[in-house]
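Chain letters run A, B, ... following the sequence lines, proteins first, then strands; residues in each count from 1.
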2 protein chains.
Amino acid sequence: MAEFALRNETRYGNRPTMKDVAARAGVGLKTVSRVVNGEPGVTPDTERRVQEAIEALGFRRNDSARVLRKGRTASIGLVLEDLADPFYGPLSRAVEEVARAHGALLINGSSAEDPDREQELVLALCARRVDGLIVIPAGHDHRYLEPEIKAGVATVFVDRPAGRIDADAVLSDSYGGAREGVAHLIAHGHRSIGFIGDQPRIHTAAERLRGYRAAMADAGLPVDERWVSLGSTDPARVRAAAEEMLSGPEPVTALFAGNNRVTVTAVRLLAGRDTPIALVGFDDIELADLLGITVIAQDSAALGRTAAERLFRRLDGVHEAPTRVELSTRLLARGSGEVPPPGA
Amino acid sequence: MAEFALRNETRYGNRPTMKDVAARAGVGLKTVSRVVNGEPGVTPDTERRVQEAIEALGFRRNDSARVLRKGRTASIGLVLEDLADPFYGPLSRAVEEVARAHGALLINGSSAEDPDREQELVLALCARRVDGLIVIPAGHDHRYLEPEIKAGVATVFVDRPAGRIDADAVLSDSYGGAREGVAHLIAHGHRSIGFIGDQPRIHTAAERLRGYRAAMADAGLPVDERWVSLGSTDPARVRAAAEEMLSGPEPVTALFAGNNRVTVTAVRLLAGRDTPIALVGFDDIELADLLGITVIAQDSAALGRTAAERLFRRLDGVHEAPTRVELSTRLLARGSGEVPPPGA
DNA sequence: CCTGCCGATGACAACGTTGTCCAGGCTCTA
DNA sequence: TAGAGCCTGGACAACGTTGTCATCGGCAGG
């Protein structure tokens with residue numbers, strides 16, 4: 001496990017300190033501190049002299065020292081899976097918005113869906129003494145966080161629950177959403193429906209598959225196991241899986257895509273075919289309205305906002321048992337999900 | 001200007017320190033430090049005892065104190081305009097990737113295109129003593145950064161140059177890209193081409209407009225000022241501007257969209273019309289291939305990577321004059337830009 | 001057996017800030 | 001006019017870590 005090591009070759013280019021400012025202004029150290037922090041008890045004249053010295057020296061308070069002294073860093077950590085995934089943009093932005101409202105900075109990093117990297121990142125953030133953590137977990141065992149949580153690091157999991165510890169979680173209703181989406185396809189006459197999802201160890205992928213099975217069972221439809229494919233969301237894999245379901249003796253007439261990456265690949269694939277295949281995807285996609293893609297939309301901004309608000313509530317000292325919140329999803333019918341099966 | 005204030009109500013839940021570990025292991029403070037940092041000169045037996053104490057207490061080194069002592073924070077700041085804009089996802093991810101390779105963490109925030117907020121954020125990051133800064137500037141006067149840069153905070157601007165100071169910048173060739181895109185439309189027979197862009201005070205917007213004018217001039221075509229509209233990228237404004245250009249006595253037969261947000265709105269608008277209008281947009285968009293949108297693509301990941309690499313080169317002590325790098329763009333012809341004018 | 005050396009270990013100061021507490025000078029009142 | 005009380009300003013310790021330097025014990029060589 002690589003280390004986030006500090007280098008010790010160089011030091012700051014000798015930044016001025018409060019001591020320097022004090023010397024220049026001809027006042028005591030603590031007086032400078034008072035001025036910098038807007039504390040009362042400084043004559044206007046003294047304050048002016050100090051301000052001038054600050055200006056002249058280009059002094060900027062060293063928050064590292066401040067943090068060391070005060071114990072709080074006014075920063076929170078956000079660990080997500082991939083900054084470049086459009087799903088996380090609004091989420092991350094919502095978190096930042098809330099953090100800003102609470103005067104906190106955001107430190108973030110991506111786990112790239114690798115549990116080791118997630119742990120490495122989280123612990124690096126804890127070493128920085130972030131006040132709180134928002135984590136989209138990649139791993140399934142978060143017991144390594146126990147000492148941190150006990151020590152007071154507020155922690156909220158988003159999009160997927162924590163593994164083997166009891167912690168706050170803010171999720172989308174993957175099960176319900178998938179169930180609704182598949183039921184939608186069934187309602188339009190489909191009886192053989194394929195499901196292509198992410199790796200089964202990912203909680204949302206498993207939940208969505210569960211929703212698929214539930215919808216099929218609700219309708220009394222059997223599920224041929226060749227219709228179900230979980231695995232990486234690599235386009236080649238998804239494409240191969242879809243092609244297999246669409247060919248053979250008993251091809252599916254509709255596809256349910258387990259997340260946005262799968263949906264994109266499916267759309268590309270289906271665009272190249274002559275017979276129309278129905279498609280419903282989990283997650284909304286930009287321009288999906290123009291392409292007429294029916295999706296189960298989750299509100300990723302609300303996910304982030306809810307998680308961040310919960311985090312700050314905890315930081316404000318609210319003590320309650322960890323809770324799990326599930327935000328509901330919305331079916332957006334745009335055409336691709338309303339295609340009837342051939343011959344219907 | 002709001003302050004990123006530390007709260008002082010509570011302290012950490014009393015985390016164990018090296019002193020505690022030392023006491024428990026029955027060794028000196030410095031020995032613990034040595035073990036934690038993997039320094040040589042510790043007997044295997046002593047090391048084991050210390051490790052056990054660390055484990056038992058759940059000790060985690062306090063990097064704030066470490067930073068205070070060592071002078072380097074091993075973190076860099078990234079200030080961008082909007083985390084939710086898909087253009088910045090890959091950029092931000094690329095920066096993170098490079099930072100990670102150098103063992104640094106990323107602290108980031110959005111300016112929301114507001115110069116005051118940009119300054120506030122940048123200075124908050126400087127107070128945290130980030131080692132370096134990557135900034136997508138919203139403002140046009142960055143003299144406030146001079147003391148910081150002088151004090152050794154490496155700074156690289158991305159996407160837009162710095163204002164009123166001499167600093168590194170990594171840009172896309174907005175001028176050349178727009179010129180190529182407009183020339184492409186001209187080559188397909190268009191003579192009246194509309195340009196809809198972002199606010200003129202934004203450098204890239206101005207450069208792209210300059211490219212537009214250059215291409216028109218190259219072809220000896222006059223520019224009717226009603227064909228040019230700069231302003232907010234709010235969909236309503238863009239829509240209104242486009243509709244005005246497309247109606248009236250002398251409607252344009254093609255549109256050049258100044259950035260991804262404008263392109264999206266334009267695509268929506270044009271999708272609702274019966275007569276085809278040619279469109280070229282600056283910035284690529286996901287699924288643009290399926291929609292057949294011709295774009296001038298910039299490599300936002302390369303932008304971020306290049307900037308971050310430059311930053312770390314400076315942090316590694318390389319001293320050279322600030323430079324400006326311009327990355328070239330690529331025209332991706334997908335259909336919408338190859339539509340001929342009506343009657344051609 | 002003594003000297004010198006080396007490797008392991010710990011004592012101590014310093015990093016830059018803030019909280020506590022005290023000193024000195026002022027005003028106000030009895 | 002003296003004492004009480006207030007306001008301003010500064011000295012000092014502490015936060016948790018790391019760099020410097022001294023110490024201690026053992027071991028090899030004389």
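Per the geometry, NZ belonging to B:K70 stands 14 Å off C1' belonging to C:dA14, to the nearest Å. Regarding B:R61, its CZ atom lies at a distance of 10 Å from the C1' atom of D:dT18, rounded to whole Å. When rounded to the nearest whole Å, the span between CG of B:L68 and P of D:dA14 equals 17 Å. For A:L29 and D:dA14, the CG to P distance is 17 Å, given to the nearest whole Å. Atom CG of A:N62 is separated from atom P of D:dC15 by 18 Å (rounded to the nearest Å). When rounded to the nearest whole Å, the span between CZ of B:R66 and C1' of C:dT17 equals 20 Å. Rounded to whole Å, the distance from CG on B:N37 to P on D:dT18 is 4 Å. Spacing between atom CZ of A:R69 and atom P of D:dG16 amounts to 10 Å, rounded to whole angstrom units.
Interface residues of residues 43-51 of chain A facing DNA chain D, ordered by number: A:T43, A:T46; criterion, heavy-atom separation under 4.0 Å. Listed by residue number, the members of residues 16-23 of chain A with any heavy atom below 4.0 angstrom from DNA chain C are A:T17, A:M18.
Salt bridge B:R93/A:D85: absent, no basic N to carboxylate O contact under 4.0 Å. Ionic pairing of B:D316 and B:R313 is not present here: no N-O contact between side-chain nitrogen and carboxylate oxygen is shorter than 4.0 angstrom.
End-to-end axis angle of the helix from C:dC1-D:dG30 to C:dA30-D:dT1, using five pairs per end and rounding to 10°, comes to 60°.
At D:dG9, none of the side-chain N or O atoms of A:T31 fall inside 4.0 Å of OP1 or OP2 (strictly under the cut-off). Side-chain nitrogen and oxygen atoms of A:S33 include none within less than 4.0 Å of the OP1 or OP2 phosphate oxygen of C:dT17.
Taking the ring pair (Phe, Tyr, Trp, His ring centres under 6.0 Å) definition, one finds that A:F157 meets it with A:H142, sequence neighbours left out. Listed by chain and residue number, A:R15, A:R60 satisfy the salt bridge (Lys or Arg N to Asp or Glu O under 4.0 Å) test with B:E148 (two or more places apart in sequence, or in another chain).
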If the sugar-phosphate is the primed atoms plus P, OP1 and OP2 and the base is the rest, what is the B/S/- string for nucleotides 20-25 of chain D, using protein heavy atoms under 4.0 Å? ------

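A donor and an acceptor atom, one from each side chain of A:R61 and A:N37, are located under 3.5 Å apart. A side-chain N or O of A:E96 and one of B:S110 form a donor-acceptor pair less than 3.5 Å apart.
Of the possible donor and acceptor atoms, none in the side chain of B:T46 sits under 3.5 Å from a partner among the backbone N and O of B:V42. For the pair B:E118 (side chain) and B:S111 (backbone), a donor-acceptor distance under 3.5 Å is absent.
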